Amino acid sequence: MNAKKVGKVQEPNSKNDFFDNVYEVVRLIPPGRVTSYGAIAAYLGSKRGARMVGWAMGNSHTQYNVPAHRVVNRNGLLSAKNLFETPTAMQERLESEGVTVKDDVVQNWQQTFWDPEKELL
DNA sequence: GGTATGACTGTAT
DNA sequence: GATACAGCCATAC
């Protein structure tokens with residue numbers, strides 16, 4: 001498959017199992033596309049692990065060079081915008097990539113939605 | 001080891 | 001159709 005190791009971190013290798021998978025998938029998200037936590041979690045095998053996906057990102061947020069701005073909730077809402085450098089950084093970044101965001105919600109969500117199980121698989 | 005919290009999701013009211 | 005509650009998995013205290 002694709003390059004599994006993109007850049008090890010100083011974190012222990014125990015919990016990195018799930019985390020690394022999340023980061024990898026997020027990094028594989030093409031520009032102008034976004035995905036949901038549930039999609040990533042489901043791709044990892046834990047559909048109910050959506051929280052862990054978000055938590056994993058929140059734990060590292062931009063520290064791992066991961067485009068977290070491409071990851072939104074199931075409604076296409078920029079739930080993480082508040083955790084970014086600035087509450088508008090996420091939206092600005094998405095729009096910069098060609099994603100239309102309005103009222104902190106991704107427009108054309110169905111079209112902008114990127115499913116790792118379909119696109120990446 | 002148990003309790004509380006969390007960038008979520010789905011079902012129920 | 002919108003709001004409320006419960007479930008799931010992992011980390012932190």
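Residue numbers start from 1 in every chain, and the chains themselves are labelled A, B, ... in the order their sequence lines are given, proteins ahead of strands. These numbers were taken from a predicted model, which means no experiment stands behind them.
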* In whole angstrom, give the distance that lies between atom CG of A/Asp104 and atom C1' of B/dA7. => 13 Å

* Could you state the atom-to-atom distance from CD1 of A/Ile40 to P of C/dC9 in whole Å? => 17 Å

* For A/Tyr37 and C/dC9, give me the distance from atom OH to atom P, rounded to whole Å. => 19 Å

* Structure fact -> Separation of B/dA7 atom C1' from A/Phe84 atom CZ, nearest Å, is 9 Å

* **Protein-nucleotide distance (A/Arg74, atom CZ; B/dT11, atom P), rounded to Å** => 11 Å

* Asked: Between the side chain of A/Arg93 and the main-chain N/O of A/His69, is any donor-acceptor distance below 3.5 Å?
  -> no

* Structure fact -> The nucleotide from B/dA7, C/dC9, C/dT11 with an atom nearest the side chain of A/Trp55 is C/dT11

* Judged by atom type as modelled, is there a donor-acceptor pair below 3.5 Å linking the side chain of A/Thr112 to the main-chain atoms of A/Gln107? -> yes

* Would you find a donor on one side and an acceptor on the other, under 3.5 Å apart, between the side chain of A/Arg33 and the backbone of A/Gln111? -> yes

* Asked: Quick check: are there more than 12 heavy atoms from other residues, nucleotides or ligands sitting under 6.0 Å from CD of A/Gln110?
  -> no

* Asked: What does A/Val71 touch in the nucleic acid at a heavy-atom separation under 4.0 angstrom: a base, only the sugar-phosphate, or nothing?
  -> base

* Asked: Among the nucleotides B/dT9, C/dC9, B/dA7, which one has an atom lying closest to any side-chain atom of A/Met52?
  -> C/dC9

* Mind calculating the distance between CZ (A/Phe113) and C1' (B/dT9) to the nearest angstrom? => 13 Å

* Can you check the A/Tyr43 OH to C/dC9 C1' distance for me, whole Å? -> 20 Å

* Whole-Å distance separating the CZ atom of A/Phe19 from the P atom of C/dC9 -> 15 Å

* To do: For A/Ala80, report the nucleic acid contact type (base, sugar-phosphate, nothing); a contact means any heavy atom under 4.0 Å.
  => base

* Just compare B/dA7, B/dG6, B/dT9 and give me whichever is closest to any side-chain atom of A/Met57. => B/dA7

